[in-house]
K.L.:
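Sharing a structure, written as structure tokens. Questions coming.
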Amino acid sequence: MLENQSTTTLENIGEFGLIDLLTSSIKIHHSSTQKGVGDDAAVIDHGNLKTLISTDLLLEGIHFDLSYFPLKHLGYKAITSNLSDIYAMNAMPKQVTVSIGISSKFTLEAVEELYAGMLFACNRYEVDLVGGDTSSSKQGLVISVTAIGEAEADDIVYRNGAKPGDLLCVTGDLGAAYTGFQLLEREKRVYLANPEIQPDLEGKDYIIERQLKPEARKDIVLMLKHLNIKPTSMIDISDGLSSEIFHLCANAKTGMYLYEDKIPIDPTSYNMARELDIDPTLTALSGGEDYELLFTIAQSEYEKIKDNADITVIGYVCEEKEGIHMISKSGNKHPLKAQGWKAF
Ligand code: ADP
Ligand code: MG
């Protein structure tokens, strides 16, 4: 990238210089943030509301591959994937802390890129970056983000509230982050075998963006409030539809029917899956990293969402003893398996 031609080693600037530089452009969005970066601890006042906290740890080589992951995108994703967990509680994230471990192979400019992506996400989702920690690491980049949110006690939606007869709903479309990931991996292999060949990503923007720059569904939480719907249970899709369905069922002690033909899959993702010789349904069931919301609602709410382009009804909750099944496109009933992406 052109803007990245100058390089400064982290040694030259030092830990405190780095922290000052990274945190100097932080904007504060909420009065609940009484004290942000700069003291021994941040001070947050959510008044009478409940506080929700969620943490994620991201390790280079395990959760991301820097050979095709631009640092700015990685920073963005580190924040949005974390905010998604707070939205999945039907709550609003207000603050985040960000801790990073950086090896000496990173320049100051590289760390600034990472941070620029994080701050971009913070500003877009209106959350305050209120603290963190900065350390050197022997090997690889380590990122840990903690999100802090707030909600009225009565508004919080847990994983355990589904009742037989409730409708199973999902937002957006599924599987694209996984087909995007498989495409990037394929092009990396091609590149490693022959660096002369340019990656062929033509027309695949959507699935690449779903992998590299996922959004969290703040809009859905606001919309549900607007529609006066409180889901009976909710979870975000980080591991894949089938494993999230198992979580909802295990917590609520119910079964589930999922209709394969209802699962929303974007055409770009569908075609990519076909090209890669993967069953498109499997990319939704086991792909993960979609960061869409999966939730159950009472049947009486159906009228409010039936024509909503962002929400698809994909199944319904049944008694636990009936089990967890998918009705295939051909109408056959198959037990659903809670396989993660490793099953591919
Ligand atoms: P301490 O020694 O008390 O841990 P630090 O020198 O690590 O303090 O941090 C000083 C301030 O800078 C604290 O407010 C801390 O939350 C903040 N901070 C440190 N690293 C980061 C970071 N990567 N992002 C945001 N804030 C940070
Ligand atoms: Mg510290």
Side-chain angles (χ1 to χ4, degrees), residues 3-4 6-46 51-64 66 69-86 92-150 212-214 216 218:
E3 67 226 343
N4 263 351
S6 66
T7 54
T8 314
T9 65
L10 292 172
E11 234 173 12
N12 289 345
I13 183 162
E15 182 191 339
F16 299 127
L18 177 62
I19 294 172
D20 282 349
L21 196 78
L22 294 179
T23 59
S24 61
S25 56
I26 288 175
K27 269 202 230 82
I28 298 297
H29 303 85
H30 301 290
S31 58
S32 58
T33 304
Q34 298 197 338
K35 176 78 200 177
V37 169
D39 213 311
D40 294 316
V43 181
I44 298 170
D45 182 3
H46 287 147
T51 302
L52 299 99
I53 301 186
S54 176
T55 296
D56 280 318
L57 179 63
L58 298 172
L59 303 176
E60 182 179 350
I62 306 285
H63 302 102
F64 56 88
L66 287 178
F69 224 120
L71 283 162
K72 204 169 187 171
H73 290 70
L74 181 62
Y76 192 88
K77 182 173 179 174
I79 298 292
T80 57
S81 61
N82 208 258
L83 300 184
S84 178
D85 283 318
I86 303 287
M92 281 291 149
K94 299 281 162 155
Q95 287 87 14
V96 288
T97 63
V98 166
S99 298
I100 45 180
I102 330 156
S103 67
S104 55
K105 77 174 184 196
F106 289 93
T107 62
L108 173 62
E109 286 74 16
V111 183
E112 282 187 288
E113 278 289 298
L114 177 74
Y115 236 76
M118 290 183 169
L119 288 178
F120 189 71
C122 287
N123 289 332
R124 178 175 275 189
Y125 286 86
E126 292 186 308
V127 298
D128 298 336
L129 208 167
V130 296
D133 203 14
T134 307
S135 170
S136 55
S137 94
K138 284 246 160 163
Q139 224 176 16
L141 178 62
V142 179
I143 306 171
S144 175
V145 177
T146 298
I148 301 157
E150 61 175 43
L212 297 182
K213 191 172 166 285
K218 176 182 185 176

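Residues: numbered from 1 along the sequence shown. Atoms within each ligand, like the ligands themselves, are counted from 1 in listed order. This structure is a prediction, so every number in the text was calculated from the model and none was measured.
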K.L.:
Among all residues two or more places apart in sequence or in another chain, which pass the salt bridge (Lys or Arg N to Asp or Glu O under 4.0 Å) test with Lys105?
P.N.:
Glu60
K.L.:
How would you list, by chain and number, every residue that makes a side chain to side chain donor-acceptor pair (under 3.5 Å) with Glu150, sequence neighbours excluded?
P.N.:
none
K.L.:
CD1 of Ile28 to NZ of Lys94: how many Å apart, nearest 0.5 Å?
P.N.:
13.0 Å
K.L.:
Please indicate whether any nitrogen or oxygen in Thr134 is less than 3.5 Å from any nitrogen or oxygen in ligand 1.
P.N.:
yes
K.L.:
Search all heavy atoms of Leu52 against all heavy atoms of Ile86 and return the closest pair with its distance.
P.N.:
O-CD1, 3.8 Å
K.L.:
Would you name the heavy atoms of Leu83 and Pro93 that are closest together and state the gap between them?
P.N.:
CD2-CB, 3.6 Å
K.L.:
Under 4.0 Å from a heavy atom of Gly131: which atoms of ligand 1 are those, numbered in the order shown and with their elements?
P.N.:
16 (O), 25 (C), 26 (N), 27 (C)
K.L.:
Using a 4.0 Å cutoff against the non-hydrogen atoms of Val98, which atoms of ligand 1 qualify?
P.N.:
22 (C), 23 (N), 24 (N)
K.L.:
Please tell me whether Glu11 and Ser104 have a donor and an acceptor in their side chains that are separated by less than 3.5 angstrom.
P.N.:
no
K.L.:
Give the numbers and elements of all ligand 1 atoms closer than 4.0 Å to a heavy atom of Thr23.
P.N.:
25 (C), 26 (N)
K.L.:
Can you classify the ring geometry of Tyr76 versus Phe120 as parallel (below 30°), tilted (30 to 60°) or perpendicular (above 60°)?
P.N.:
tilted
K.L.:
Run the numbers for me: atoms of ligand 1, each under 4.0 Å from some heavy atom of Phe16, listed by number.
P.N.:
6 (O)
K.L.:
Does the residue Asp133 have a heavy-atom contact with ligand 1, meaning some pair of atoms that are separated by less than 4.0 Å?
P.N.:
yes
K.L.:
Number the atoms of ligand 1 from 1 as they appear, then name those within less than 4.0 Å of a heavy atom of Val37, with their elements.
P.N.:
12 (O), 14 (O), 17 (C), 26 (N)
K.L.:
Does an N or O from Ile100, backbone or side chain, lie closer than 3.5 Å to an N or O of ligand 1?
P.N.:
no
K.L.:
Within a reach of under 6.0 Å around CD of Gln34, are more than 12 heavy atoms found that belong to other residues, nucleotides or ligands?
P.N.:
yes
K.L.:
Please list, in number order, the atoms of ligand 1 under 4.0 Å from a heavy atom of Asp40.
P.N.:
3 (O)
K.L.:
Out of Ser144, Gly132, Gly101, whose heavy atom sits nearest atom 19 (C) of ligand 1?
P.N.:
Gly132
K.L.:
Heavy-atom contacts under 4.0 Å between Leu129 and ligand 1: side chain, backbone, both, or neither?
P.N.:
side chain
